[in-house]
Structure formats: C-alpha cells, structure tokens
Amino acid sequence: MYQRILVTTDGSTLSKKAVRSAIDLAAATGAGLVALNVVPRYPMSYFEGGVSMSSDDVGRIEKKWAEDGQAIVNAVEKTAQAAGVKVKTAVTRSDFVAESIMAAARKHKCDLIVMASHGRKGIKRLLLGSETQHVLTHSSVPVLVLR
C-alpha cells in the first residue's frame, strides 16, 4: 500500500500521537518512515526598539534549535526501530514549514504525509493549523491529518 511515509513532528504531545500512528501504519504496511522536524530561522527584527543580537548569538540559538530538532527525530527513530520499522531522520532549517514538508516528501519519494492537525481547544479546535492546512491543500502527495 505505502512504500515510504513522511511524518512531521515538533515534539509536542499532539505530534507525538501522529508519530505513533505513522509508526503503526508503517509497521502494518511494511513501509519505511521518514521523520521530519522543521527548525525555524531566528527572526530578525529591524523595527525600532527591537533587540539586536550578534550573528554569533543567532548562530548559537539556531544551532541549539537544530540540535533539539535532531533529538526529536532521534526519539522517533528509536521508537520506530523498536517497532521494526526502517526509518530515516531529517531536520530542515526554514521559515517556510509547509513548503519544507512538501519538499521533503518529494525528496524522499514519500507516498503519504502524516501530520497532526495542531487543533487546540474552543473555536481553534475546529480549525486546522495554518501549516497543516497549507500542506493539505497544496501537496501532490496524499496527507493524513490526525487530531
């Protein structure tokens, strides 16, 4: 059914549920798994009153975020391997999360993207997260959105 499944995770409780479902689906179908974390770039503000940081400080912060992202996908890798699923990990640096997810799906030749809805409570629970919505409406690869 599926050969390779891309699962996106930010380490949140909701995305961990999506990861578990993706691992279960991969195990059931014999598919490989690609675990992706998209790390944002440090926001640079040029507005009056903004705090300016040296490029060294920005570099250290971005490096820390990338290390945290790698730790998140490493945890997915460990769980997937324990379930007998072949897994690759990927950490991408970009401010364009949805585009990065779709690009990773193309790069790794995935035939399904699994991601959390990022729904919250109240009226927000009725709406998909903006990145999820963007992937869902623009991806040429089928998308499974989990609540």
Side-chain angles (χ1 to χ4, degrees), residues 2-26 31-83 85-125 127-147:
Y2 299 112
Q3 300 300 311
R4 190 166 297 121
I5 298 170
L6 175 73
V7 62
T8 63
T9 181
D10 60 7
S12 67
T13 301
L14 191 58
S15 72
K16 286 178 183 177
K17 289 180 182 180
V19 165
R20 183 73 247 164
S21 294
I23 291 170
D24 291 346
L25 182 59
L33 191 69
V34 177
L36 174 69
N37 178 269
V38 180
V39 178
R41 297 203 176 272
Y42 189 84
M44 301 300 275
S45 175
Y46 299 102
F47 297 106
E48 184 178 331
V51 176
S52 62
M53 296 183 75
S54 73
S55 59
D56 289 341
D57 289 338
V58 170
R60 277 193 295 278
I61 291 169
E62 287 184 339
K63 182 180 178 197
K64 172 74 168 108
W65 288 349
E67 289 169 353
D68 291 346
Q70 189 63 51
I72 290 167
V73 294
N74 287 347
V76 174
E77 180 180 39
K78 183 178 178 182
T79 304
Q81 287 175 340
V85 174
K86 291 183 182 180
V87 62
K88 289 183 182 181
T89 63
V91 176
T92 302
R93 259 189 214 174
S94 177
D95 289 328
F96 303 103
V97 176
E99 287 81 2
S100 296
I101 292 168
M102 292 181 289
R106 286 188 302 272
K107 176 183 176 183
H108 295 283
K109 296 179 173 67
C110 296
D111 44 12
L112 180 68
I113 298 171
V114 176
M115 58 193 309
S117 65
H118 300 301
R120 298 293 181 245
K121 50 186 163 176
I123 189 69
K124 290 184 179 180
R125 77 179 187 161
L127 305 173
L128 291 177
S130 60
E131 302 301 340
T132 304
Q133 181 69 39
H134 189 92
V135 172
L136 190 59
T137 57
H138 292 87
S139 176
S140 59
V141 175
V143 181
L144 175 60
V145 179
L146 299 164
R147 294 177 58 147

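Numbers here are sequence positions counted from 1. The analysis underlying the following values was restricted to heavy atoms, covering all of them including side chains, and did not include hydrogens, waters or symmetry mates.
- Of all the heavy atoms in T132 and S117, the pair that sits closest is OG1-O, 3.9 Å.
- The side chain to side chain donor-acceptor pair (under 3.5 Å) check on S15 picks up T9, D10, S12, with sequence neighbours excluded.
- For H138, the ring-ring contact (aromatic ring centres under 6.0 Å, His included) criterion is met by H134, not counting sequence neighbours.
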Could you go through the side-chain contact (heavy atoms from CB on, under 4.5 Å) check for V34 and V87 one step at a time? CA-CA 6 Å; V34 177; V87 62; over 6 Å; no

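- Note that CD of E131 is 10.0 Å distant from CZ of F96, once rounded to the nearest 0.5 Å.
- The two residues A31 and Y2 make their nearest non-hydrogen contact at CB-O, 3.2 Å.
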Distance-only criterion, 3.5 Å: show the donor-acceptor pairs between side-chain atoms of residues 108-116 and protein atoms not counting sequence neighbours.
residue, atom, partner, partner atom, Å
D111, OD1, Q3, N, 3.4
D111, OD1, R4, N, 3.2
D111, OD2, Q3, N, 2.9

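- Within the structure, salt bridge (charged side-chain N to carboxylate O under 4.0 Å, His left out) pairs that include any residue of residues 16-26 comprise R20-D24 (at least two apart or interchain).
- Looking at residues two or more places apart in sequence or on another chain, you find a side chain to side chain donor-acceptor pair (under 3.5 Å) between S94 and S100.
- Listed by first then second residue, pairs satisfying salt bridge (charged side-chain N to carboxylate O under 4.0 Å, His left out) with a partner in residues 63-76 read K63-E67, K64-D68, not counting sequence neighbours.
- Annotation for A66 and V91: closest pair O-CG1, 4.2 Å, computed over non-hydrogen atoms.
- Once rounded to the nearest 0.5 Å, the distance linking CG of L136 with CG of L144 reads 10.0 Å.
- Closest heavy-atom contact between S21 and L146: CB-CD1, 3.4 Å.
- Listed by chain and residue number, nothing satisfies the salt bridge (charged side-chain N to carboxylate O under 4.0 Å, His left out) test with R93 (two or more places apart in sequence, or in another chain).
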Start with the C-alpha gap between R60 and D56, add the side-chain angles, then the distance that decides, and say whether side-chain contact (heavy atoms from CB on, under 4.5 Å) holds. CA-CA 6 Å; R60 277 193 295 278; D56 289 341; 3.9 Å; yes

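- Taken from CD1 in I5 to CG in L25, the straight-line distance is 4.0 Å, to the nearest 0.5 Å.
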Is there a side-chain contact (heavy atoms from CB on, under 4.5 Å) between V7 and L33 once you walk through the steps? CA-CA 7 Å; V7 62; L33 191 69; 4.0 Å; yes

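- In this structure, the separation between CD1 on I72 and CG on N37 is 4.5 Å, given to the nearest 0.5 Å.
- Annotation: side chain of L6 is in contact with side chain of I101 (closest heavy-atom distance under 4.5 Å).
- Every residue was checked against the salt bridge (charged side-chain N to carboxylate O under 4.0 Å, His left out) condition with D95, not counting sequence neighbours, and none meets it.
- Annotation for A105 and V141: closest pair CB-CG2, 4.2 Å, computed over non-hydrogen atoms.
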Derivation and outcome, side-chain contact (heavy atoms from CB on, under 4.5 Å), residues T92 and V39: CA-CA 6 Å; T92 302; V39 178; over 6 Å; no

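- The line from CD of E77 to CD1 of I23 is 10.5 Å long, rounded to the nearest 0.5 Å.
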